[in-house]
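Notes to accompany the following structure.
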Amino acid sequence: MNASQIPFAKADELAPLLLATLQRLGELGREGALALARIVDDGDADFDEAAEWIATIADGGLRE
């Protein structure tokens with residue numbers, strides 16, 4: 001998937017890409033976290049909501 005396709009992608013298309021990206025950032029540890037923090041706007045409501053959903057999933061919630 002090209003970056004230009006992301007705004008039009010469906011959830012099932014984005015989820016594998018997001019998982020792979022989060023796993024790679026996790027491998028990079030603090031370096032990965034800092035790289036993400038540099039580009040996230042303070043007060044970005046969409047990012048905040050996504051982070052809350054990811055935290056819920058990480059805690060074992062939100063299973064079908």
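Starting from 1, each residue takes its place in the sequence as its number.
Contact check for Thr56 versus Glu52: no side-chain heavy atoms found under the 4.5 Å cut-off.
Here CG of Asp44 is found 10.5 Å from CD of Glu49. Values are rounded to the nearest 0.5 Å. With values rounded to the nearest 0.5 angstrom, Ile6 atom CD1 is found 5.5 Å from Leu17 atom CG. Taken from CD1 in Ile39 to CZ in Phe47, the straight-line distance is 9.0 Å, to the nearest 0.5 Å.
Scanning all heavy atoms of the two residues, the minimum distance from Glu13 to Pro16 falls at O-CD, 3.6 Å.
In the hydrophobic clustering of ILVMFWY residues, with side-chain heavy atoms under 4.5 Å counting as a link, Val40 and Leu25 come out together.
No more than 12 heavy atoms of other residues, nucleotides or ligands sit less than 6.0 Å from atom CG of Asp12.
A salt bridge (Lys or Arg N to Asp or Glu O under 4.0 Å) check over residues 14-34, counting only residues at least two apart or in different chains, returns the pairs Arg24-Glu27.
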